[in-house]
Amino acid sequence: MIRVTTEAFDQGAEANAFIGRHTEAGALVTFTGLVRSLPSDPISALILECYEELALNQLTAIRDAAITRFALTDAAIIHRYGRLVPGETIMMVMTLAPHRQAAFDGAQFLMDYLKTDAPFWKQEETASGLRWVDAKSTDDTARDRWQG
């Protein structure tokens, strides 16, 4: 399941529905990304933009790669866009596998690729105006460990 949405969602309800569709899995891993504001560099909002069809296609490719690589029972990605304030949920990744290591690895793989390859553009809203969020080399390094 892949969903790109402007709507908030209930993480518990999403996880329960995902588990409910599969009785053959032995492990579920979930990860939820949140908007944060640091005391040393506060933001009032994070604005995510995307072309929904492009985002859906890319997220589907990332999900399919994770399922194949880690023999996952299933994987799901929910990603929001629009204007989000600190504390709100940005995204959620869920992986189901017969055993825990595959579920953990699959979730980490998805998160690492989402940070670098998901086509979302981010701006931070601050007291002094808007600023684009640059890509981070640490995210590239995290993704690169899965290559090769």
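Reckoned from all heavy atoms, side chains included, excluding hydrogens, waters and symmetry mates.
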> Going by the salt bridge (Lys or Arg N to Asp or Glu O under 4.0 Å) test, which pairs reach into residues 88-104, not counting sequence neighbours?
Replying inline: Arg80-Glu88
> Closest approach of Ile62 and Ala118, non-hydrogen atoms and distance?
Replying inline: CD1-N, 4.4 Å
> Got a second to check how far Gln123's CD is from Leu130's CG, nearest 0.5 Å?
Replying inline: 5.0 Å
> side chain to side chain contact (heavy atoms under 4.5 Å, CB included) with Leu114: which of Ile77, Asp139, Ile90?
Replying inline: Ile77
>> Show every salt bridge (Lys or Arg N to Asp or Glu O under 4.0 Å) that has at least one partner inside residues 1-12, sequence neighbours left out.
In response: Arg3-Glu14
> Do Phe18 and Phe9 belong to the same hydrophobic cluster, where Ile, Leu, Val, Met, Phe, Trp and Tyr are linked whenever their side-chain heavy atoms lie under 4.5 Å apart, directly or via other members?
Replying inline: yes
> Please walk me through it: do Gln11 and Thr89 pass side-chain hydrogen bond (donor to acceptor under 3.5 Å, both in side chains)?
Replying inline: CA-CA 9 Å; Gln11 303 146 48; Thr89 301; 2.9 Å; yes
>> Would you say Ile78 ends up clustered with Val93 if hydrophobic residues are merged whenever their side chains have heavy atoms under 4.5 Å apart, either directly or through other cluster members?
In response: no
> Shortest non-hydrogen contact from Val4 to Ala55?
Replying inline: CG2-CB, 4.2 Å
> Considering all heavy atoms of both residues, which atom of Pro86 and which atom of Ser37 are nearest to each other, and what is their separation?
Replying inline: CG-CB, 3.7 Å
> Excluding sequence neighbours, so at least two apart, what forms side chain to side chain donor-acceptor pair (under 3.5 Å) with Asn16?
Replying inline: none
>> Are Leu72 and Leu59 linked, directly or through intermediate hydrophobic residues, by side-chain heavy-atom contacts shorter than 4.5 Å (ILVMFWY only)?
In response: yes
Side-chain atoms of residues 43-54: list all donor-acceptor pairs with protein atoms under 3.5 Å, sequence neighbours left out, distances to 0.1 Å.
unit_1 : atom_1 : unit_2 : atom_2 : d
Ser44  : OG     : Glu125 : O      : 3.1
Ser44  : OG     : Glu125 : OE2    : 3.0
Glu52  : OE1    : Tyr81  : OH     : 2.8

>> Counting C-beta onward and ignoring hydrogens, is there a side-chain heavy-atom pair between Val35 and Val85 closer than 4.5 Å?
In response: no
>> For residues 106-118, which residue pairs pass the salt bridge (Lys or Arg N to Asp or Glu O under 4.0 Å) check, not counting sequence neighbours?
In response: Asp112-Arg145, Asp117-Arg143
>> Once side chain to side chain donor-acceptor pair (under 3.5 Å) is applied, what residue pairs with a partner in residues 61-70 remain, sequence neighbours excluded?
In response: Arg63-Asp74
> So which pairs with a foot in residues 127-148 pass ring-ring contact (aromatic ring centres under 6.0 Å, His included), sequence neighbours left out?
Replying inline: Phe70-Trp146, Phe109-Trp146
> Atom CG of Leu56 and atom NE2 of His79: how far apart are they, to the nearest 0.5 Å?
Replying inline: 11.5 Å
>> On a heavy-atom basis, which atom in Ala97 and which in Ala103 lie closest, and how many Å separate them?
In response: CB-N, 3.6 Å
> Would Tyr113 end up clustered with Met91 when hydrophobic side chains under 4.5 Å apart are linked, directly or stepwise?
Replying inline: yes
>> How close do Ala25 and Thr73 get, counting heavy atoms only, and between which atoms?
In response: CB-OG1, 4.1 Å
> Please, which pairs that meet salt bridge (Lys or Arg N to Asp or Glu O under 4.0 Å) have at least one residue in residues 17-38, sequence neighbours excluded?
Replying inline: none
>> Can you list everything that forms a side chain to side chain contact (heavy atoms under 4.5 Å, CB included) with Ile19? Sequence neighbours excluded, please.
In response: Leu28
> Do you know the tightest heavy-atom contact between Ala107 and Thr95?
Replying inline: N-CG2, 3.5 Å
>> Please enumerate all residues that pass ring pair (Phe, Tyr, Trp, His ring centres under 6.0 Å) together with His99, with sequence neighbours excluded.
In response: none
> Can you pull the ring-ring contact (aromatic ring centres under 6.0 Å, His included) pairs that have at least one residue in residues 25-50, sequence neighbours excluded?
Replying inline: none
> Going by side-chain heavy atoms closer than 4.5 Å, which hydrophobic residues are tied to Val29, directly or by a chain of links?
Replying inline: Phe104
